[in-house]
2 protein chains.
Amino acid sequence: MKKEIDNKLNLKNIKPTAMRQLVLQVLTEQKTAISLPELEQKFEKADKATLYRTLKTFQEHQLIHSIEDGSGSLRYALCEDFCTCEPEHLHVHFLCNKCGKTYCMKDLPVPQPDLPNGFEFSSANFVVKGICSNCKK
Amino acid sequence: MKKEIDNKLNLKNIKPTAMRQLVLQVLTEQKTAISLPELEQKFEKADKATLYRTLKTFQEHQLIHSIEDGSGSLRYALCEDFCTCEPEHLHVHFLCNKCGKTYCMKDLPVPQPDLPNGFEFSSANFVVKGICSNCKK
DNA sequence: ATAGTTCGTGCAACCGAGTTGCAAACTTAC
DNA sequence: GTAAGTTTGCAACTCGGTTGCACGAACTAT
């Protein structure tokens, strides 16, 4: 729904351009996190730099979050509607060794480990690797 | 001590060449994990490819482990003497946002989260980011 | 010791992800 | 409509990682 897309953009104070609508559309349809190169392939005819800057804008406005899953490229996924990307909202990600997809485990919060004295927590990246339920079958 | 270096290599079934001794020496002196580009700089005159392959060899023989800390390059650190890099031996890593160093939190095991049905755990990468005790002072 | 094989090293080249500069196209405010 | 600001597209570049190839050292069997 085009309305919803624009809504989301407005909600996060992002000017809705054609490009941004398209990218957000794709992101919304994705069940797993997507990388810049993967996003590039979704459009037969879009510029890498533009997509790159679009993702950057989205991230700055906390519409999406990025995941370092060690696959060689950053992956991006939609944030929950009212996510502010605070440490408390961090969740675990899962990278399937077989299909290579990265899942957001939205129900699995990242535990905050007891750091040694003097170490200050500000954020975390927790990626679990293994076989996803889809590949397991 | 040259003896100890050779010992470690032998223990892991790695033929001790001059190059490997030097690299292991550097790795042993490091208190924090080191990346390939950083390692390159430690030697005024060594080939990237050779260092790359040396690290690869070390990793295959479980002398070192690699950490995806999201700094843009993989970092490497020595394993504990009898580490076999099993999930149970995984520990948390800490990336300082200020000095950029990556610490092995050897005493902080990576928790194994309750994955949804059908997802199979095989390994994990848990990087905490913040300010290290050294930069905090 | 010699010839043949394997293994390690160094150089060059390449790949792919990410990033930047710049100019053209488009928006917005006046 | 014009000026100022924003977004886009293209090209170029950086940098980490990786590979092919050839030379040389080390190891093996005769």
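So you know, we letter chains A, B, ... as the sequences are listed, proteins then strands, and number each from 1.
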(Q) Return a single string for nucleotides 5-20 of chain D, one symbol per nucleotide in 5' to 3' order, where B is base contact, S is sugar-phosphate-only contact and - is none, cutoff 4.0 angstrom on heavy atoms. (A) -SSBBBB----SBBBB

Q | Sequence-distant partners of A/Gln30, side-chain hydrogen bond (donor to acceptor under 3.5 Å, both in side chains), two or more places apart | A | none

Q: Starting at atom CG of B/Leu9, determine the distance to atom P of C/dG8, rounded to an integer number of angstrom.
A: 12 Å

Q. Can you tell me how far P of C/dT19 sits from CD of A/Glu60, to the nearest Å?
A. 11 Å

Q | Residue list, side-chain hydrogen bond (donor to acceptor under 3.5 Å, both in side chains) with B/Thr32, at least two apart or on another chain | A | none

Q: Could you list the residues that satisfy side-chain hydrogen bond (donor to acceptor under 3.5 Å, both in side chains) with A/Asn7, not counting sequence neighbours?
A: none

Q: Write down the distance between CG (A/Leu51) and P (C/dT19), rounded to a whole number of angstrom.
A: 14 Å

(Q) Going by ring pair (Phe, Tyr, Trp, His ring centres under 6.0 Å), name the pairs with one or both residues in residues 4-62 of chain B, residues two or more places apart or in two chains. (A) none

Q. Who passes side-chain hydrogen bond (donor to acceptor under 3.5 Å, both in side chains) against A/Asp114, sequence neighbours left out?
A. none

